[in-house]
Number of protein chains: 4
Amino acid sequence: MSRGINKVLLIGNLGTDPEVRVLPSGDSVANLSLATSETWTDKPSGETRERTEWHRIVIFGRLAEIAGQYLHSGSRVYVEGKLRTRQYQAQDGSERSTTEVVIDAGGTLLMLDGRAESTAQPTRSSPASRRRQTPPRGRAGQTPAPDIGDAIAF
Amino acid sequence: MSRGINKVLLIGNLGTDPEVRVLPSGDSVANLSLATSETWTDKPSGETRERTEWHRIVIFGRLAEIAGQYLHSGSRVYVEGKLRTRQYQAQDGSERSTTEVVIDAGGTLLMLDGRAESTAQPTRSSPASRRRQTPPRGRAGQTPAPDIGDAIAF
Amino acid sequence: MSRGINKVLLIGNLGTDPEVRVLPSGDSVANLSLATSETWTDKPSGETRERTEWHRIVIFGRLAEIAGQYLHSGSRVYVEGKLRTRQYQAQDGSERSTTEVVIDAGGTLLMLDGRAESTAQPTRSSPASRRRQTPPRGRAGQTPAPDIGDAIAF
Amino acid sequence: MSRGINKVLLIGNLGTDPEVRVLPSGDSVANLSLATSETWTDKPSGETRERTEWHRIVIFGRLAEIAGQYLHSGSRVYVEGKLRTRQYQAQDGSERSTTEVVIDAGGTLLMLDGRAESTAQPTRSSPASRRRQTPPRGRAGQTPAPDIGDAIAF
DNA sequence: TTTT
DNA sequence: TTTT
């Protein structure tokens with residue numbers, strides 16, 4: 001139930017591996033750092049410019065565990081969540097605030113690069129192989145897995 | 001041209017009148033404080049809970065002027081823009097950052113309440129009467145909560 | 001769980017009252033006809049043009065009942081759902097298809113005009129008074145309820 | 001300028017190569033057939049179910065040319081556009097209507113797979129190799145289902 | 001800190 | 001068929 005709309009949609013790449021921890025309640029929380037890039041042609045100069053925006057993503061529950069298992073630095077993802085600004089105390093004791101994109105049960109997480117481990121044999125999966133991102137799928141030469149971050153955008 | 005997606009959609013109410021200023025370039029910029037509210041039923045207790053989230057909105061260009069003309073504290077709006085986190089120096093000299101929702105030429109602003117002045121006879125319109133579209137809230141100088149109750153949502 | 005994104009966001013006005021029926025399963029279904037309008041300035045002539053698009057909305061479950069209770073011809077709403085194209089047999093026996101925007105448990109319905117009946121005394125509510133849309137709130141002159149469809153948009 | 005919101009966001013895979021043609025005005029138009037897939041667990045049985053929805057996409061202008069150059073059957077894309085229902089006369093003379101997702105200058109097209117030709121050495125690029133990014137599907141002449149499995153989604 |  |  002809601003009396004307003006608070007919705008964020010992002011497509012971008014992770015800058016680091018997810019940091020997953022388990023709360024005292026047993027729920028998982030994952031923190032992601034996600035970059036979205038936009039490019040444009042500068043009017044007077046005609047030069048191509050680029051700006052990268054970094055987003056703090058916080059994922060709760062089952063999706064947090066999935067993020068920890070399947071995502072890593074470089075992963076391209078779609079996320080849908082909501083904005084939340086939180087107050088906290090900095091180390092010098094001053095009050096600070098930070099704005100995060102929260103993905104909970106009502107949100108969405110969608111991996112955009114390759115089949116990855118969900119179709120691989122779990123027992124042979126390891127952090128090392130996971131970082132290699134899209135595992136061989138045994139049909140070499142036929143269906144190359146897209147590389148990390150592969151995308152053409154317009 | 002873009003290589004990612006960075007999109008925010010909000011429906012909520014302004015907590016204050018827009019602050020509009022004109023940049024040295026001649027472009028207008030408007031700052032809005034927008035509240036989105038969500039309510040939910042707490043699991044164990046069955047109580048209805050509410051959380052209000054405040055968003056800093058920055059509007060550029062023609063839409064900034066329109067915001068200054070037609071919006072005011074209490075106005076219900078739909079905005080579509082993008083996230084931008086900006087560094088700035090606090091008064092004590094420390095580095096801080098703030099996250100804003102930027103509405104530029106690619107964004108959208110949609111007023112959701114009242115015919116206001118655009119269809120009213122301009123000669124009889126005044127800032128004072130415009131402000132009366134939402135009730136006086138009698139807490140001048142504070143940060144009044146917007147009239148989020150002005151809608152039924154599900 | 002999803003392997004793609006199929007999302008529709010609309011803000012517009014109902015062209016008719018909702019048609020609500022109850023399925024054999026006991027679930028409610030509401031059909032809405034929703035108009036979204038866009039206006040633009042024609043390049044060569046400088047004339048203002050307008051195009052209205054009509055959308056078939058199908059709402060399931062609890063939101064269908066709410067739609068039947070609170071919405072009526074002219075109501076301004078925000079809906080979030082997904083596209084679904086359905087085959088059916090026309091009266092002449094030929095196969096036809098129709099595309100609808102489906103709002104189910106994962107979707108959103110948000111009334112954008114006025115407090116309406118949720119704050120009114122239910123026992124005194126009637127179809128007739130409902131059509132009058134936003135009930136008097138007993139503070140005449142202070143907080144006028146926004147009229148049906150009231151909006152300024154940019 | 002708009003007085004409503006009419007927005008569609010899709011992430012899915014093309015079922016065929018884009019069909020691009022040039023209008024008498026010189027503008028390009030591309031027609032795409034895009035599949036979005038959702039999976040869910042059936043309540044009583046616990047079985048995993050899947051439903052694929054097909055969308056007719058119409059792209060105008062520069063993005064149409066880009067679609068013709070870089071997209072092909074199997075391509076995974078993000079599109080953002082608006083709904084438009086159009087009347088046309090069927091071959092038997094009867095009136096039909098079809099609903100399309102229109103991507104024009106205000107819309108977005110984002111390729112989600114493969115570096116493809118834009119970053120590859122153009123001299124070594126060919127339509128044939130481009131099509132090999134998705135595996136041969138060996139069902140020429142039919143309407144092959146897109147490789148929706150090319151992603152993990154949650 | 002990502003990606004192109 | 002709505003709305004401005």
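These values consider heavy atoms only, across backbone and side chains, with no hydrogens, waters or symmetry-generated copies. Within every chain, numbering begins at 1; the chains are lettered A, B, ... in the order of the sequence lines, protein sequences first and strands thereafter.
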To the nearest Å, give me how far apart [atom1] ([X]) and [atom2] ([N]) are.
X         : N      : atom1 : atom2 : answer
Leu71(A)  : dT3(E) : CG    : P     : 14 Å
Arg49(C)  : dT3(F) : CZ    : P     : 22 Å
Leu112(A) : dT2(E) : CG    : C1'   : 14 Å
His72(A)  : dT1(E) : NE2   : P     : 19 Å
Asp17(A)  : dT3(E) : CG    : P     : 11 Å
Leu10(A)  : dT1(E) : CG    : P     : 21 Å
Asn31(C)  : dT1(F) : CG    : P     : 18 Å
Glu53(C)  : dT3(F) : CD    : C1'   : 15 Å

For the residue pair Ala67(A) and Pro18(A), what are the closest heavy atoms and their distance?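 Nearest heavy atoms, Ala67(A) then Pro18(A): O-CG, 3.6 Å.
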Closest approach of Ile5(D) to Thr36(C) (non-hydrogen atoms, all atoms of both residues): O-CG2, 3.3 Å
So what does Thr52(A) hit on the nucleic acid, given a heavy-atom distance under 4.0 Å: a base, only sugar-phosphate, or nothing?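 Base contact - Thr52(A) has a heavy atom under 4.0 Å of at least one base atom.
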Select one nucleotide: of [options], the one nearest the side-chain heavy atoms of [X].
X        : options                : result
Asn13(A) : dT1(E), dT4(E), dT2(E) : dT2(E)
Ser33(C) : dT1(F), dT2(E), dT1(E) : dT1(F)
Ala35(C) : dT2(F), dT2(E), dT1(E) : dT2(F)
Thr16(C) : dT1(F), dT4(E), dT2(E) : dT1(F)
Arg3(B)  : dT2(E), dT1(E), dT3(E) : dT3(E)

Would you kindly say whether Thr16(C) and Ser73(C) are connected by a side-chain donor-acceptor distance under 3.5 Å? no
Under 5.5 Å centre to centre and under 30° between planes: does that hold for Trp54(C) and the six-membered base ring of dT1(F)? yes
Results of salt bridge (charged side-chain N to carboxylate O under 4.0 Å, His left out) for Glu50(C) - residues two or more places apart only: Arg3(D)
Partners passing salt bridge (charged side-chain N to carboxylate O under 4.0 Å, His left out) against Glu65(D) (at least two apart in sequence or in another chain):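 Partners of Glu65(D) by the salt bridge (charged side-chain N to carboxylate O under 4.0 Å, His left out) criterion come out as none, since no residue qualifies.
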On DNA chain E, nearest-nucleotide positions of His55(A) versus Glu50(A): which is more 5'? His55(A)
